[in-house]
2 protein chains.
Amino acid sequence: MYDAYFKYLRNFSPKPLTDDEKALIMKNFTPFRLRKRQYSLQAGDICKKFAFIVKGAMRMYTIDDKGIEHVVRLGIEDWWMGDRESFVNLSPSRYHIDALEHCDLLYLTLEGANELQEKVPAFCQMKSILDERNQMANHRRLTSSISSTAKMRYTEFVECYPELADRFPQHIIASYLGINKDTLSRVKRQHNLK
Amino acid sequence: MYDAYFKYLRNFSPKPLTDDEKALIMKNFTPFRLRKRQYSLQAGDICKKFAFIVKGAMRMYTIDDKGIEHVVRLGIEDWWMGDRESFVNLSPSRYHIDALEHCDLLYLTLEGANELQEKVPAFCQMKSILDERNQMANHRRLTSSISSTAKMRYTEFVECYPELADRFPQHIIASYLGINKDTLSRVKRQHNLK
DNA sequence: AAAGAGCGTAGACAAATGTCTACGAATGTT
DNA sequence: AACATTCGTAGACATTTGTCTACGCTCTTT
């Protein structure tokens, strides 16, 4: 389990981890197996653990007044999943997180994250790089959501995240893109004809 | 000019600045007066300076293939304005930034930012808090853009940023919200009737 | 005062997207 | 094998949003 994370860390810092660092990581990451359809977080609860996805597929979403689900984030292997706002501020989350496939996770608490950030440079490095990337990705998603049609948004999504496009069911992707599942179906049909 | 920024910093760190710190800030921030309709950044250029707005109102936007402007960010007193991706990566920006009113700015270069981050704890503190906040604000904006109608988006916007709502012309706000200016006009009309 | 630019509003129409219902294929469950 | 569930597709229709044109108001500039 932990090897997946050690390997992942090498993407951010080429320097090999010391044994002490590995021990710290193993101490602070708790392996967890989340079964399909099981919740990792329920809206109203505080997000006390951030998940590193070793294997599987997850989503984070809200449910609005009309009972409609809106997918806010998707994640598969090597992605992180959690409600950052709730995690950092210890505030109740507005989001649900659940598994769309059986998942192998490594759970990290806030204290764990803080300790690793202090004592494991590679982790700190990872965090700051991810923060930057995340910020840019969100920004791009926002721009495209504001200025593009449904068809363009879907095309961009497939180009940008091909792994996600065939991993998640279509209605989930539609929700992620902020469009109706029927609309997405239509868009794909018209797209194929050209 | 600098006093505005010193005062602003106190929101992030109560500890008063030392004279050395003040000197460092004054060394790295360049005052600049940007007149109405003047550009601070043109798409294609590298964003070499980040602006702290002492006074005035600015916007950042793209122009798409059809020549339509899409406002990505708005800013007034005590806000920052710049294309972070371009600024950090020294990559050409896709955005324009200009002034909607006469502006008094404090310009900061990347080197300046790095020096301040190293040597002025209050600045570093400010940056990390702003990063967090910015991330959350973007996330909220994204969620609302994906899951809300035009009317709801406008209502949320007014609640969240009343200062912006009456400071910027309506067609700019419409663009910021990702809706047509005519649609926003309609939405407001219907809103007032209820 | 005159002319022009910027801005908000309005209405008619077009296009995009949402809603609803139904169906069939694939999959999982018993 | 029988059954229920999930998922994608399709078409008819409603609603929302965009497009275009026109008008009037305000402000600036001349």
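To find a chain, count down the sequence lines: A is the first, B the second, and so on, and within it residues start at 1. Given the structure is predicted, the values throughout are model-derived calculations rather than measurements.
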Output the rounded distance in Å from CD (B/E101) to P (C/dG6). 16 Å
Could you tell me the separation between the NZ atom of A/K181 and the C1' atom of C/dT21, rounded to a whole number of Å? 10 Å
What nucleotide among [options] has an atom nearest to a side-chain atom of [X]?
{"X": "B/D182", "options": "D/dC20, D/dC7, D/dT9", "value": "D/dC20"}
{"X": "B/P169", "options": "C/dT17, D/dT17, C/dC7", "value": "C/dC7"}
{"X": "B/S185", "options": "D/dT9, C/dC7, C/dT9", "value": "C/dT9"}
{"X": "B/R186", "options": "C/dT17, D/dG18, D/dT9", "value": "D/dG18"}

For B/F157 versus B/L177, what's the shortest heavy-atom pair and its separation? CB-CD2, 3.8 Å
For residues A/Y5 and A/F29, establish whether the separation of their ring centroids is below 6.0 Å. yes
Indicate whether OP1 or OP2 belonging to [N] is found under 4.0 Å from a side-chain N or O atom of [X].
{"X": "B/R189", "N": "C/dA10", "result": "yes"}
{"X": "A/Q170", "N": "D/dT9", "result": "yes"}
{"X": "A/H171", "N": "D/dG8", "result": "yes"}
{"X": "A/T149", "N": "C/dA16", "result": "no"}

Go through the steps to decide whether A/S86 and A/Y95 satisfy the test side chain to side chain donor-acceptor pair (under 3.5 Å), and finish with yes or no. CA-CA 9 Å; A/S86 170; A/Y95 303 107; over 6 Å; no
